[in-house]
Every structure is written in structure tokens, then in C-alpha cells.
Colleague: 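Mind having a look at this structure? Questions to follow.
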Amino acid sequence: MMIEQATVLDYQNGVAKVQCFAKSGCGACSATSGCGTKSLSALAGEKVAPQFELSVNQVLSVGDRIEIGLAENSLLISVFWLYLIPLIVLVGSTLLLSQWISNELGLAFGIFTATAITFVIVKKIIAQKQQGEFTPIFLRKI
């Protein structure tokens with residue numbers, strides 16, 4: 001199980017609105033003064049973590065820190081839908097459309113269209129599954 005910490009933003013009747021902590025990989029190593037990646041990420045600003053609601057079996061207050069968990073199986077399935085399926089469509093559409101379309105601009109448009117449609121379909125599928133399969137669970141109050 002993948003475990004994350006979150007902050008309670010609102011709590012009402014057993015449902016807590018929480019926000020996970022935004023994490024940054026930069027700033028922890030010894031090369032911070034001469035690192036170009038750290039400089040570029042500083043220009044982009046701090047990342048905002050998503051907010052969501054989950055059922056809680058304890059009374060919580062605003063500002064409480066909690067641990068939430070997500071099954072590794074759910075994480076692997078979401079990676080499959082978000083990365084592998086669009087990648088397969090991208091490569092497949094490139095191979096198939098290149099057989100029929102000789103114009104490079106038309107080929108690029110076809111590949112882009114097929115990949116964009118795939119992302120829309122994946123978004124709908126994940127939205128349907130998110131009701132139960134991809135919803136994190138409350139583990140404990142810290």
C-alpha cells in the first residue's frame with residue numbers, strides 16, 4: 001500500500017476534504033547551488049497538490065494531519081490507463097496511418113487526433129472507476 005500524508009481542509013459528518021502535500025525532488029541533494037533543474041523548477045513555482053474528499057471513521061479538525069493509503073494495485077492500474085494505453089495508441093496510430101497517409105502534416109494531425117481521443121476516453125474510464133477503485137482510504141490521524 002502506498003501511504004501519503006495529507007492535511008484536513010474541511011470535515012463534516014464523516015467526510016473530510018483533504019489535500020496531500022506537494023513534494024519536490026529538488027533541494028535535497030548536495031548540488032543545490034549549481035543545479036540547473038532546481039533553477040528551472042523555481043521558475044515554475046510551487047506545485048499545488050490535489051484536493052479530494054474521503055470517508056473518515058474519526059472526528060477530525062481543520063488542519064489535522066492524517067495518513068491516507070492507496071492500494072498498489074490501484075496505482076498500477078491507473079499508470080496503465082494514463083501512460084501505457086496512450087503510448088500504445090500513439091505508436092499504433094503512427095504505424096497504421098503512415099501506411100495510408102503520405103503527407104507528413106496529415107500524418108501528424110491523424111496521430112495527434114487519435115492520441116487526443118484516447119486521452120478523452122481514458123479520462124471517462126478513470127472517472128467511472130474513481131468512485132471506488134482509485135479512492136484513497138483513511139489510515140490514521142498523525
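Residue numbers count from 1 along this sequence. Keep in mind that what you see is a predicted model, and the values were worked out from it rather than measured. Computed from heavy atoms alone, side chains included, the values below leave out hydrogens, waters and symmetry copies.
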Colleague: Measuring only between side-chain heavy atoms, which start at C-beta, is I68 closer than 4.5 Å to L139?
Modeller: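 Counting from C-beta outward, I68 and L139 never come under 4.5 Å.
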
Colleague: Find out whether L9 and V18 are in side-chain contact, i.e. whether some heavy atom of one side chain is under 4.5 Å from a heavy atom of the other.
Modeller: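 A side-chain contact under 4.5 Å is absent here.
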
Colleague: Which pair of non-hydrogen atoms, one from Y11 and one from Q58, has the smallest distance, and what is that distance?
Modeller: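 Scanning both residues completely, I find the closest heavy atoms to be OH-O, 3.2 Å.
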
Colleague: Go through the steps to decide whether T118 and I85 satisfy the test side-chain contact (heavy atoms from CB on, under 4.5 Å), and finish with yes or no.
Modeller: CA-CA 8 Å; T118 302; I85 294 296; 3.9 Å; yes

Colleague: Can you measure from CG (L97) to CG (L107) and round to the nearest 0.5 angstrom?
Modeller: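 So the gap between those two atoms works out to 6.0 Å.
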
Colleague: For atom CG of N103, is the number of surrounding heavy atoms from other residues, nucleotides or ligands below 6.0 Å larger than 12?
Modeller: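 Yes, because the 6.0 Å sphere around CG of N103 holds more than 12 heavy atoms from other groups.
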
Colleague: Could you tell me which residues satisfy side-chain hydrogen bond (donor to acceptor under 3.5 Å, both in side chains) with Q5, sequence neighbours excluded, listed by chain and number?
Modeller: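 Testing Q5 for side-chain hydrogen bond (donor to acceptor under 3.5 Å, both in side chains), a comparison that skips the adjacent residues, returns R65.
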
Colleague: Surrounding CZ of F112 (heavy atoms of other residues, nucleotides or ligands, distance under 6.0 Å), is the total greater than 12?
Modeller: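 No - once you tally the heavy atoms of other residues, nucleotides and ligands closer than 6.0 Å, there are 12 at most.
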
Colleague: Dump the intermediate steps for side-chain contact (heavy atoms from CB on, under 4.5 Å) on V8 and K17, then the final yes or no.
Modeller: CA-CA 6 Å; V8 177; K17 184 175 183 180; over 6 Å; no

Colleague: What's the separation between atom NZ in K141 and atom OG in S61, rounded to the nearest 0.5 Å?
Modeller: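 With rounding to 0.5 Å, NZ (K141) is 5.5 Å from OG (S61).
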
Colleague: Does some side-chain heavy atom of I125 sit less than 4.5 Å from a side-chain heavy atom of W81?
Modeller: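 Heavy-atom side-chain distance check passes, below 4.5 Å.
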
Colleague: Between atom OG of S78 and atom CG of N73, what is the distance when rounded to the nearest 0.5 Å?
Modeller: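 CG of N73 is found 9.5 Å from OG of S78.
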
Colleague: Search all heavy atoms of A114 against all heavy atoms of S93 and return the closest pair with its distance.
Modeller: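 Nearest heavy atoms, A114 then S93: CB-CB, 3.9 Å.
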
Colleague: Is a side-chain donor or acceptor of T113 paired with a backbone partner of F109 at a separation under 3.5 angstrom?
Modeller: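 Yes; judged by distance alone, with no hydrogens or angles, the pair exists.
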
Colleague: Are V122 and L84 connected, step by step, through hydrophobic side chains (Ile, Leu, Val, Met, Phe, Trp, Tyr) whose heavy atoms are closer than 4.5 Å?
Modeller: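 Yes, one cluster joins them.
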
Colleague: Roughly how far apart are I77 CD1 and I126 CD1, rounded to 0.5 Å?
Modeller: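 Spacing of CD1 (I77) from CD1 (I126) equals 10.5 Å.
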
Colleague: Side chains of D64 and V62, heavy atoms from C-beta outward: is any pair under 4.5 Å?
Modeller: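 Of all side-chain heavy-atom pairs linking V62 with D64, none is under 4.5 Å.
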
Colleague: Answer whether the closest heavy-atom distance between the side chains of F119 and P86 falls below 4.5 Å.
Modeller: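 F119 reaches P86 side chain to side chain.
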
Colleague: Any chain of hydrophobic side-chain contacts (each under 4.5 Å) joining V59 to F138?
Modeller: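 Looking at the clustering, F138 is in the same group as V59.
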
Colleague: If the threshold is 4.0 Å, N to carboxylate O, is there a salt bridge linking E67 and R140?
Modeller: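 Yes, charged N to carboxylate O under 4.0 Å.
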
Colleague: Run through T94, L95, V89 and flag the one making a side-chain contact (heavy atoms from CB on, under 4.5 Å) with V91.
Modeller: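 Going through the options one by one, the only one that passes is L95.
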
Colleague: Does one hydrophobic cluster hold both L82 and I88, with members joined at side-chain heavy-atom distances below 4.5 Å?
Modeller: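 Yes, L82 and I88 fall within the same hydrophobic cluster.
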
Colleague: Is the closest side-chain heavy-atom distance between I137 and L54 below 4.5 Å?
Modeller: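 Answer no - side chains too far apart.
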
Colleague: Going hydrophobic residue to hydrophobic residue with side-chain gaps under 4.5 angstrom, can you get from I121 over to Y83?
Modeller: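 Cluster IDs for I121 and Y83 match.
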
Colleague: Take L60 and I66 through the side-chain contact (heavy atoms from CB on, under 4.5 Å) test and state the conclusion after the steps.
Modeller: CA-CA 9 Å; L60 298 174; I66 62 171; 4.1 Å; yes

